[in-house]
Amino acid sequence: MDYKQIIADAVHIDGVSAQEIYELLALPKDTSMGDFCLPCFKFAKQMRISPLAIAQNIATSIVAPESFSHVEAVGGYVNFRLNKTQYARKVLDKILAENDNFGCSSIGKGKTICIDYSSVNIAKPFHMGHLLNTCIGSALYKICVALGYNVVGINHLGDWGTQFGKLIVAYKLWGDKADIDKRGVRGLLDIYVRFHAEAEKDEALNDQARFWFKQIENGNQEAIDLWTWFKKITLAEVAKIYKRLDVRFDSYNGESFYNDKMQPILDELKEKGLLEKSEGAEIVRFDNDELPPCLLVRADGATLYATRDLAAAFYRKKTYDFYKCLYVVAYQQNLHFQQVFKVIEKMGCEWSKDLEHVAHGMVSLEDGALSTRSGNVVFLEDVLNKAVEKALAVIEEKNPNIANKSEIAEQVGVGAIIFGVLFNNRIKDSVFSYDKVLNFEGETGPYAQYTFARCNSVLEKGGDIVGDIDWNGIDSEEGANLVRLLDRFPDAVEEAGRRYEPSIVTRHIIEVAKAFNKFYFEHNINNADQPVKNARLILAKATKIVLSKGLGLLGIATPSHM
RNA sequence: GAGCCAGUAGCUCAGCUGGAUAGAGCAACGCCCUUCUAAGGCGUAGGUCGGGGGUUCGACUCCCUUCUGGCUCACCA
């Protein structure tokens with residue numbers, strides 16, 4: 001249902017196409033002014049008439065007046081109010097018919113999008129710093145699926161590097177297998193932190209670490225076994241977190257996967273004369289020094305992060321033939337991705353334009369940056385558990401007789417955390433605080449979930465929709481506003497996908513929830529006459545569908561009662 | 001020093017390709033549960049959109065300049 005098209009077709013201006021009018025159509029500042037508006041300032045110059053006069057001419061010469069309940073020229077704008085009941089009917093019919101597919105589209109049909117996100121480091125705990133990344137990536141994954149793309153979620157594991165040498169040394173010196181089996185990554189973290197503390201005093205430990213990492217590279221069985229074990233422990237633990245956050249991946253090919261895939265790329269760079277020696281290292285320089293050189297091979301012959309990302313990009317292009325390849329990574333790495341993408345461009349690969357760094361902000365603590373090495377971290381598991389605990393306490397207070405309390409508390413607590421993370425523009429930094437994260441009032445996840453449960457409760461009590469429907473039952477400021485927001489939900493999903501910005505969906509959900517709560521307060525649904533009640537139940541049903549779909553795109557569950 | 005990003009109410013933030021009187025939430029104060037879920041609704045108060053220029057009929061939005069903060073700038077990832 002494209003209402004902008006209806007308006008564009010109804011407006012006639014000499015020398016201006018319906019397409020141009022369509023593109024100019026905007027949303028009024030205030031909903032009381034109309035559903036759409038057409039600013040006429042652009043026509044004023046060519047027509048040499050004042051915008052006011054043009055607007056008036058348009059308003060009085062509408063082609064299909066029956067589609068509108070009100071068309072008015074105000075200060076250079078033409079405001080259109082669509083025939084409310086007709087509009088509402090079409091929108092609601094569509095939502096109920098499409099149900100869980102409402103908001104989906106086929107703009108991505110036949111195209112593949114790779115999304116690199118979460119990308120956890122093996123043997124390091126999942127802390128608040130990883131949450132932004134994981135939630136944004138996961139939401140984009142779901143949004144792109146809804147838009148019809150074939151999506152490949154990639155967890156580019158940090159499973160290679162000297163830190164594994166350190167870990168082996170630490171384990172051999174102070175490790176306790178039983179403790180690590182029991183405490184998992186937290187056990188590994190303890191010895192990792194201890195290693196860094198002791199290495200300050202004893203430089204020889206770092207030499208040992210380098211030696212043991214070399215053993216992994218050389219295929220020494222003992223080293224490989226330990227490395228595999230660390231990896232297994234970590235993946236088992238993050239799998240639990242991913243399950244709670246409703247996050248999934250199609251590939252866990254991490255850094256170690258690309259060990260044997262870098263040399264061909266380096267060979268090609270050499271062949272094309274792009275690789276040069278500098279201070280013992282091998283680098284790629286950029287024209288006019290528009291970027292600092294990209295370092296690909298260290299003086300000691302070892303490869304680097306950029307080398308692996310280069311190999312990964314080529315592997316992904318070859319394997320998935322992507323339309324876009326997104327890297328959901330904090331903005332700290334802006335330069336790194338610019339360099340990697342530019343190297344690929346210099347290699348003559350036109351698809352380098354399809355690589356995109358979806359940068360996001362960083363999370364810090366009130367007393368400084370998060371740091372695994374110093375142990376200054378907030379474990380995500382603890383945050384989730386505290387949120388669930390709080391949710392349970394609220395349930396005990398407000399709705400103690402409800403069934404499945406613990407399940408609902410899990411959904412609400414975890415939902416509050418995810419919602420909070422996805423509420424702001426992704427580029428924003430944030431300072432973690434329990435006070436903020438455990439607030440369940442106002443524009444929060446629990447508010448959206450509460451509104452969903454409220455819709456559900458009304459519908460349960462309302463019973464079946466039988467008999468006539470009186471659409472005037474939703475013909476009010478509150479009803480019209482809600483219908484308008486429901487109608488625009490697909491636009492929000494589309495824009496979120498286009499701008500790689502899940503917060504657009506999050507914000508829209510809040511707007512819908514607010515509009516429903518206002519309607520609910522102003523207009524009693526179940527005590528109205530049956531035909532009026534029917535129209536209102538349909539509105540509640542459509543709201544329920546949109547809230548559920550919207551929250552689902554963010555990875556947030558919708559309990560029926562709370 | 002250079003590059004990139006951010007600066008909007010006391011706090012946290014929206015503000016779409018320039019459009020009408022710059023919007024929410026939190027915190028504060030006041031009101032609304034004998035009617036469908038009060039994790040709710042309503043109201044009051046709160047602003048030189050960091051500063052200064054410019055482009056435009058029109059600038060929070062674009063350009064220049066300047067201040068403040070963050071990130072990054074060769075062998076970590």
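Proteins get letters first, then strands, A, B, ... in listed order; numbering begins at 1 in each.
- The residue A:Gln333 sits close to a base: some heavy atom pair falls under 4.0 Å.
- Residue-level contact check: A:Asn425 touches the backbone only, with heavy atoms under 4.0 Å from sugar-phosphate atoms and none from bases.
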Pair up each side-chain donor or acceptor in residues 512-521 of chain A with any protein partner under 3.5 Å, not counting sequence neighbours, and list the distances.
| from | atom 1 | to | atom 2 | distance (Å) |
| --- | --- | --- | --- | --- |
| A:Lys514 | NZ | A:Glu443 | OE2 | 3.1 |
| A:Asn517 | OD1 | A:Arg454 | NH1 | 2.7 |
| A:Asn517 | ND2 | A:Tyr447 | OH | 3.1 |
| A:Asn517 | ND2 | A:Thr451 | OG1 | 3.1 |
| A:Asn517 | ND2 | A:Ala513 | O | 3.2 |

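- Residue-level contact check: A:Asn527 touches the bases, meaning some heavy atom is under 4.0 Å from a base atom.
- B:A24 and B:A38 have their P atoms separated by 23 Å, given to the nearest Å.
- Here A:Cys37 lies in heavy-atom contact (under 4.0 Å) with a base.
- Among the heavy atoms of the strands lying under 4.0 Å from A:Ile395 is at least one base atom, whether or not backbone atoms are also near.
- Residue A:Asp429 is in sugar-phosphate contact alone, with no base atom involved, counting any heavy-atom pair closer than 4.0 Å across all strands shown.
- Within 4.0 Å (heavy atoms only), A:Ser278 reaches at least one base atom of the nucleic acid.
- A:Tyr520 comes within 4.0 angstrom of a base, heavy atoms only.
- Residue contacts for A:Ser560: at a heavy-atom cut-off of 4.0 Å it reaches a base atom on one of the strands shown.
- Per the geometry, CD belonging to A:Gln332 stands 15 Å off C1' belonging to B:A6, to the nearest Å.
- Using a 4.0 Å heavy-atom criterion, one finds that A:Leu304 contacts the sugar-phosphate atoms exclusively.
- Base orientation for B:C33: syn, the chi torsion being within 90° of 0.
- With a 6.0 Å cutoff to the six-membered ring centre and a 45° limit on the axis angle, A:Lys261 counts as a cation-pi contact of A:Phe257.
- Pairing for B:G10 goes to B:C26, judged as Watson-Crick or G-U wobble with the two contacts each under 3.5 Å.
- Under the Watson-Crick or G-U wobble criterion, with both distances below 3.5 Å, B:C36 is left unpaired in every strand shown.
- Base pairing of B:U61: no nucleotide in any strand meets the Watson-Crick or G-U wobble criterion (both distances under 3.5 Å).
- Rounded to whole angstrom, the span from the CG atom of A:Asp435 across to the P atom of B:U12 amounts to 14 Å.
- Looking at heavy-atom distances under 4.0 Å, A:Tyr447 makes contact with sugar-phosphate atoms alone, never a base.
- Checking B:A2 for Watson-Crick or G-U wobble geometry (two distances, each under 3.5 Å) identifies B:U72 as its partner.
- Stacking of A:Lys390 on the aromatic ring of A:Phe440 is recorded, both the 6.0 Å distance cut-off and the 45° axial limit being met.
- Comparing B:C5, B:U37, B:A39 by their closest approach to the side chain of A:His561 singles out B:U37.
- A:Ile504 comes within 4.0 angstrom of nothing in the nucleic acid, heavy atoms only.
- In this structure, the CG atom of A:Leu335 is 17 Å from the P atom of B:A2, given to the nearest Å.
- In this view, A:Leu295 and A:Ala281, A:Ile283, A:Leu304 satisfy the side chain to side chain contact (heavy atoms under 4.5 Å, CB included) rule, not counting sequence neighbours.
- Residue contacts for A:Met362: at a heavy-atom cut-off of 4.0 Å it reaches the sugar-phosphate backbone alone, with no base atom in range.
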